[in-house]
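Ligands are counted one by one from 1 in listed order, and the atoms in each one are counted from 1 as well.
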Amino acid sequence: MSLKIYNTLSRQKEEFKSIIPNHVGLYVCGPTVYSEPHVGNLRTFCSFDMIYRYLIFLGYKVRYVRNITDAGHLTNERGEGVNRMESQAKLESLEPMEIVQKYTVSFHRIMDAFNTIPPTIEPTATGHIVEQIEMIETLLKNGFAYEVDGSVYFDVKKYNDQHNYGVLSGRNIDELMAGYRDLDGQEEKRNSIDFALWKKASPEHIMQWNSPWGKGFPGWHLECSAMSTKYLGETFDIHGGGMDLKFPHHECEIAQNTGSCKQGGAKYWLHTNMLNFNGQKMSKSLGNSILPMEFVSGNHPLLDKGYAPSVLKFLFLQSHYSSELDINVKGLQDAEKGLKRLMEAVDLIKNFQLNPTDRKPTLDELIGELSGFKLGHRYNTEDNKETDLDRKIRLIVDACKKCMDDDFNTAKTIGNLFELATIVNSLKGGQIKPEEISSIGLDLLKNTLQNYLFDVFGLRNENAAVSNNKLDEAVQVLISLRKDAKAKKDFVTSDKIRNELSIAGINLKDEKDGEMSWSLA
Ligand code: AMP
Ligand code: ZN
């Protein structure tokens, strides 16, 4: 089965066919860097990280472009209101570009802490003013834009006479115009539904650039059209973002692309759904937004304790990217337990040895493997055949791929990984005998757990890392106490520390330089 994606544009699941074989162009709307991203934003970026990782897993060479919105678009979706970057700069007594730098750095730190892979290109809006001006000029030339007193607007009605404004969101322009009629600041526009491509800047406006229409700044929607076209071409494979960007942002992007290049940009549009906390959409204005690092530290009144980044990611992955996800403390606790079970299975299977009496591969088989030819499966069984357990594992592994191919169904894939973990536990517990599985089956079990958990989902075995660090810290304290005791010739205490640790399964070793190392027994 090949990959199928729910395309928001066609409102159906479609088989994914990349424009250039084996290559994928992926554009995702990035963060507006005027404040820290909250956990809702994080969910969206983690969803696209999983999609990016799975495309790589399938063997595609992906050009992944995710922009940084740093030009300070306006709070109002039609291009009015205040510039977010500037108002935050005033609040923090910083330059707007200091705000951009501060929150870009912290965004990268968070993306790193949550083990997401950086995009291959991360363009900024302020670095592409020239490209945005060029696109406006083309739109003016093609008759889909008009200038009024230093500002340029997109003529939605005129565009809609030839194309379909609403193709993505299904909105109807007559209804939209009725909704906008009574709002202020519409005087300059031909129609209330028109949106700003370029806004004339008032003298006190800090972020402004020269343009053929005087000093000003670009409209909200323009940067993504200009940068996706520049780096991925007039038509490219996938465009993504949160569901709340579908209208007006993405609808306007399609109009700008079609109006300037006669192509709508992406073939497939993917929208991730919102994250709710205790039943409410997470957003700053509702006061229920939790910052990613507050989840890790547990330093938030709505949380009972801190959770490792992978626990939160695992919770995200347990529901489909296009479903709303309501998280609460109970869900986090369950996700922590579930992830622990899978990571324990990874650890158990890593060191699992088949019975030493297993049949060794024949010379022919080894030569075949070494020269890269597959001579067929190598099984340990007497009759050299797949065992029933091998077959069961193979079917579960196939199911994992089928689920991921079905519009990235991570929730169902995780269900299958739990079935593999049950097999690992039964092997370890002796309910399944080692001779029931072949080395092929064992490798498949091991690799599948590792591939999906680490490579595709980008999870980490953080509990192990944290507990190893903590253990090391604790043992170092005891080593230093033992050194003090030896220096004072208090051999009773020094021996007691060594012996008690040995009983606890930790061996101390005196090194030549007087230092001491430790290892697990
Ligand atoms: P912003 O920095 O506000 O432009 O948002 C960055 C991304 O996060 C966009 O793709 C938004 O659609 C997405 N987003 C915003 N709020 C939420 C939420 N509560 N749940 C999931 N995604 C969100
Ligand atoms: Zn965008």
Exercise for the section: Identify the residue among Glu134, Glu131, Glu223 that makes a salt bridge (Lys or Arg N to Asp or Glu O under 4.0 Å) with Lys230. Expected result: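 Testing Lys230 for a salt bridge (Lys or Arg N to Asp or Glu O under 4.0 Å) against Glu134, Glu131, Glu223 leaves exactly one candidate, Glu131.
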Do any nitrogen or oxygen atoms of [X] lie less than 3.5 angstrom from nitrogen or oxygen atoms of ligand 1?
| X | answer |
| --- | --- |
| Lys281 | no |
| Cys29 | no |
| Leu245 | no |
| Gly40 | yes |
| Gly242 | yes |

Handout entry: Side-chain H-bond candidate by donor/acceptor type, Asn7 with Glu14, under 3.5 Å
Key =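 A pair is found: one side chain offers a donor N or O, the other an acceptor, under 3.5 Å apart.
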Handout entry: Nearest to the Zn ion (ligand 2) - the N/O/S atom of His249, by atom name
Key =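 Restricting His249 to its N, O and S atoms, the minimum distance to the Zn ion (ligand 2) goes to NE2.
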Practice task
Would you kindly specify which portion of Arg43 sits under 4.0 Å from ligand 1, judged on non-hydrogen atoms: side chain, backbone, both or neither?
Solution key: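 The answer is neither; Arg43 stays 4.0 Å or more away.
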Problem - Part of Asn273 with heavy atoms under 4.0 Å of ligand 1, whether side chain, backbone, both or neither - result: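 Backbone only.
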Find all atoms of ligand 1 within a distance of less than 4.0 Å from any non-hydrogen atom belonging to [X], and give their numbers and elements.
| X | answer |
| --- | --- |
| Leu275 | 18 (C), 19 (N), 20 (N), 21 (C) |
| Asp244 | 11 (C), 12 (O), 15 (C) |
| Thr44 | 10 (O), 13 (C), 21 (C), 22 (N), 23 (C) |

Practice task
Find out whether the Lys NZ or Arg CZ of Arg66 is both under 6.0 angstrom from the six-membered ring centre of Phe45 and within 45° of the ring's axis.
Solution key: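 Yes, Arg66 and Phe45 form such a contact.
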Practice task
Please check if atom NZ in Lys305 has more than 12 non-hydrogen atoms from other residues, nucleotides or ligands closer than 6.0 Å.
Solution key: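 Yes, NZ of Lys305 has more than 12 neighbouring heavy atoms, counting only those of other groups under 6.0 Å.
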Handout entry: More than 12 heavy atoms of other groups within 6.0 Å of Arg63 CZ
Key =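 Check fails, neighbour count at 12 or below.
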Exercise for the section: Could you tell me whether ligand 1 has any atom less than 4.0 Å away from a heavy atom of Pro31? Expected result: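 Yes, Pro31 has heavy atoms under 4.0 Å from ligand 1.
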Problem - the Zn ion (ligand 2) contact by His221, N, O or S atom under 2.8 Å - result: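 No N, O or S atom of His221 is closer than 2.8 Å to the Zn ion (ligand 2), so no.
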Exercise for the section: Flag Cys29 as yes if one of its N/O/S atoms falls below 2.8 Å of the Zn ion (ligand 2), otherwise no. Expected result: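 So Cys29 counts as coordinating the Zn ion (ligand 2), yes.
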Handout entry: Rounded distance (nearest 0.5 Å) linking atom CG of Leu275 with atom SG of Cys46
Key =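 Between atom CG of Leu275 and atom SG of Cys46 there are 10.5 Å.
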Problem - Asp149 side, atom CG; Glu188 side, atom CD - distance, nearest 0.5 Å - result: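 It is 6.0 Å, given to the nearest 0.5 Å.
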Practice task
Take the angle between the ring planes of Phe277 and Phe295 and call it parallel below 30°, perpendicular above 60°, tilted in between.
Solution key: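 Perpendicular.
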Practice task
For a side-chain hydrogen bond (donor to acceptor under 3.5 Å, both in side chains) with His271, tell me which candidate from Lys246, His239, His250 qualifies.
Solution key: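 Only one of Lys246, His239, His250 forms a side-chain hydrogen bond (donor to acceptor under 3.5 Å, both in side chains) with His271, namely His250.
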